[in-house]
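Have a look at the structure below, then the notes.
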Amino acid sequence: MENFLYNTPTRVYFGKGTENQVGQLVKEQKCKKVLVHYGSGSVIRSGLLDRVKKSLDEAGIAYVELGGVVPNPHLSKVYEGIDLCRKEGVDFILAVGGGSVIDSAKAIGYGLANEGDVWDFYAFKRVPTACAPVGVILTLAATGSEMSNSSVITKEDGGIKRGCNTEYGRPRFAIMNPELTMTLPPYQTAAGASDIMMHTMERYLCKTDPTLELTDGIAEHLLRVVMKNARILVDDPANYQARAEVMWAGSLSHNGLTGCGTDGGGWESHRLEHELSGMFDVTHGAGLTAIWGSWARYAIDCRPARFAQLAINVAGVKAPEGYELGKDSACDKEIGLKGIAAMEDFFHSINMPVNMKELGIDPTDAQIDELADKCWKACTDGNKTSLGSIRPLLRDDMKAIYEMARG
Ligand code: NZQ
Ligand code: ZN
């Protein structure tokens, strides 16, 4: 087992009606003024924003508002938020929404707490030394940003999407009422479930050897639970129990738990996908399912037994009589490939794409090169000599995977 840091300082308030505690929870933060940050209107339409403001008013909290965060959140909105917070003397940011709103809130927090251009932290030019405190009311189970150390922002100029990961970026509290996710379009629910699965699969499909009984078991069970409940939600979107299972899995999938003791995973699909959503503005979770199978087939030869383990323990592939994991790599690969196909069948069953054509994009040859160039640049800017864990990827490997994922 590798050494690890497991840091989960976020207080979680989970369940029906928990959003009504927000005034009290913000008050406990002893801040002077709050920025209520939200997206393009779902929280207005659902009435959530009004309830949040009522709770803040009742607790005597001063606040200003900034809405308009878009999916794959923009740097320009972050700058607007930083300016507003400085002008208004804001010292606490309340994100009400999905991952994009939370990530924008964290970026504003970095901008407030540090001098200079906040983009430097996303361009890996500098490392932040603090973040203004952030609280969350989550409306979409997907990114795990409510407990994660990550914030992902897109610089509109050039469509450059980058993440900044630091322990300062973990929210102080996360309010999670599964009922708040019931207004989601089915596509966002399914993309969210897929993203949750990917946060665990990126950690699980790593090169750490031997297998880890506890961490692997947690990861495999989380995946099975999300798959079962994501299927339920396709036909029964108002199923509270299924919403709750998926929402809690979302937080545990990306707060570090499912990677404890591994090498941290390779994050290949995420890095490849960030270029897709940076350039084509696709939904992150759907971009991941469009790329994952191609990456998996590209990487399987480097550790077939790990893919076979996923196939048997998660994807429901039956191993032949007498099969022993890791004893015969040809047999491992055969089972692993069946597992990749079964995972793609699952993504189809919740109406997610498994290639770019199904995702609705058809990059030109020049755009495939641009995707590979950008992904490689993100790697080298971060001082890495390759991307990934199981099979280290160079620029041309990235290009090959994008080509495979065309569909
Ligand atoms: O903007 P509004 O009107 O709120 O609508 C949003 C948006 O259109 C809508 N929505 C959210 N909650 C809703 C709702 N609609 C109806 N009812 C609700 N309850 O859903 C749409 C998508 O929202 P968004 O926040 O963009 O989705 P998600 O939570 O999937 O966040 C995606 C972003 O997070 C990044 C992704 O790359 C992407 O930019 N990620 C952040 C991570 C992190 N910080 O740890 C990790 C992830 O791997 C990911 O990269
Ligand atoms: Zn993700």
Side-chain angles (χ1 to χ4, degrees), residues 10 19 37-49 66-75 77-78 95-107 109-110 122 131 134 136-155 159-166 169-171 174 176-203 237 243 246-247 250-251 253-256 265 267-278 281-289 291-292 378:
T10 309
E19 67 276 17
H37 201 33
Y38 54 93
S40 303
S42 72
V43 297
I44 299 173
R45 289 190 295 279
S46 68
L48 175 62
L49 188 65
L66 181 63
V69 177
V70 293
N72 305 314
H74 290 171
L75 180 63
K77 182 60 72 177
V78 171
V96 187
S100 294
V101 174
I102 304 169
D103 286 3
S104 183
K106 291 178 181 180
Y110 285 130
Y122 293 80
C131 183
V134 171
V136 172
I137 301 179
L138 187 65
T139 65
L140 202 181
T143 63
S145 186
E146 67 277 5
M147 287 185 89
S148 83
N149 66 356
S150 181
S151 158
V152 186
I153 297 295
T154 297
K155 187 179 188 180
I160 300 167
K161 186 173 183 179
R162 294 280 177 90
C164 170
N165 299 355
T166 81
R170 296 193 194 264
M176 290 184 235
N177 174 358
E179 285 180 326
L180 298 180
T181 67
M182 289 182 188
T183 51
L184 280 165
Y187 187 76
Q188 288 295 341
T189 298
S194 306
D195 190 21
I196 291 168
M197 290 173 62
M198 291 296 171
H199 294 149
T200 285
M201 293 209 290
E202 298 272 27
R203 290 173 165 93
R243 290 274 175 199
V246 171
M247 194 174 218
S251 302
S253 196
H254 203 29
N255 75 354
W267 295 92
E268 301 88 346
S269 299
H270 265 75
R271 298 286 175 269
L272 292 159
E273 192 290 321
H274 280 171
E275 306 312 331
L276 281 188
S277 45
D281 205 20
V282 295
T283 296
H284 170 64
L288 287 170
T289 59
I291 242 18
W292 180 81

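Whatever order the structure lists them in is the order used to number ligands and atoms, beginning at 1.
Between Gly99 and ligand 1, at least one pair of N/O atoms sits closer than 3.5 Å. Here's the thing with His270: one of its N/O atoms is less than 3.5 angstrom from an N/O atom of ligand 1. For Val43, no nitrogen or oxygen atom sits less than 3.5 Å from a nitrogen or oxygen atom of ligand 1, counting backbone and side chain alike. Between Glu273 and ligand 1, not a single N/O pair is under 3.5 Å apart.
Atom CD of Glu146 sits about 3.5 Å away from atom OG of Ser251, to the nearest 0.5 Å. For the atom pair NE2 (His199) and OG (Ser148), the distance works out to 8.0 Å, reported to the nearest 0.5 Å. A distance of 12.5 Å separates CG in Leu49 from CD in Glu19, rounded to the nearest 0.5 Å.
Donor-acceptor pairing under 3.5 Å is recorded for the side chains of His37 and Ser104.
For the residues Thr143, Leu48, Ile153, the heavy atom positioned nearest atom 46 (C) of ligand 1 is part of Thr143. Heavy-atom proximity to atom 8 (O) of ligand 1, evaluated over Pro73, Ser194, Ala142, Pro71, is greatest for Pro71. Scanning Asn72, Asp103, Val70 for the heavy atom closest to atom 35 (C) of ligand 1 points to Asp103.
Residue contacts with ligand 1: His274 is included, with a non-hydrogen atom under 4.0 Å away. Residue-ligand proximity: Met198 is placed with every non-hydrogen atom at 4.0 Å or more from ligand 1. Heavy atoms of Leu184 approach ligand 1 to within less than 4.0 angstrom. Using a 4.0 Å cutoff on heavy atoms, Gly41 counts as a contact of ligand 1.
If you look at Ser148 next to ligand 1, the close heavy atoms, those under 4.0 Å, all belong to the side chain. Contacts with ligand 1 closer than 4.0 Å are made by no heavy atom of Met182, backbone or side chain.
Nearest protein heavy-atom contact of atom 27 (O) of ligand 1 is Leu140 CD1, 3.2 Å. Shortest contact from atom 1 (O) of ligand 1 to any protein heavy atom: Ser40 N, 2.8 Å. Looking from atom 25 (O) of ligand 1 to the surrounding protein, the closest heavy atom is Ser100 N, 2.9 Å. In terms of protein heavy atoms, atom 47 (C) of ligand 1 is closest to His199 NE2, 3.4 Å. If you check which protein heavy atom lies closest to atom 22 (C) of ligand 1, you get Gln188 OE1, 3.5 Å. Annotation: atom 4 (O) of ligand 1 to nearest protein heavy atom, Ser42 OG, 2.7 Å. In terms of protein heavy-atom proximity, atom 18 (C) of ligand 1 is nearest to Thr183 OG1, 3.4 Å. Of the protein's non-hydrogen atoms, Lys161 NZ, 2.7 Å is the one closest to atom 37 (O) of ligand 1.
Heavy-atom proximity to His254, at under 4.0 Å, picks out these atoms of ligand 1: 45 (O), 46 (C). Near Ser150, the atoms of ligand 1 lying under 4.0 angstrom from a non-hydrogen atom of the residue are 43 (C), 44 (N), 45 (O). Ligand-side atoms of ligand 1 in range of Gly39: 1 (O), range being under 4.0 angstrom from any heavy atom.
Below the 2.8 Å limit, the Zn ion (ligand 2) has as protein N, O or S neighbours Asp195 OD1, His199 NE2, His270 NE2, His284 NE2.
Distances from atom 11 (C) of ligand 1 to the protein include at least one heavy-atom value under 4.0 Å.
Between Tyr110 and Tyr122, the angle of the ring planes goes over 60°, which puts this pair in the perpendicular group of the 30/60° scheme.
Remark: Lys155 engages no residue in a salt bridge (charged side-chain N to carboxylate O under 4.0 Å, His left out) (not counting sequence neighbours).
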- Could you please spell out the steps behind the side chain to side chain donor-acceptor pair (under 3.5 Å) verdict for Asn72 and Thr154? CA-CA 6 Å; Asn72 305 314; Thr154 297; 5.4 Å; no
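A 4.5 Å side-chain heavy-atom check between Lys106 and Pro171 finds at least one atom pair inside the cut-off.
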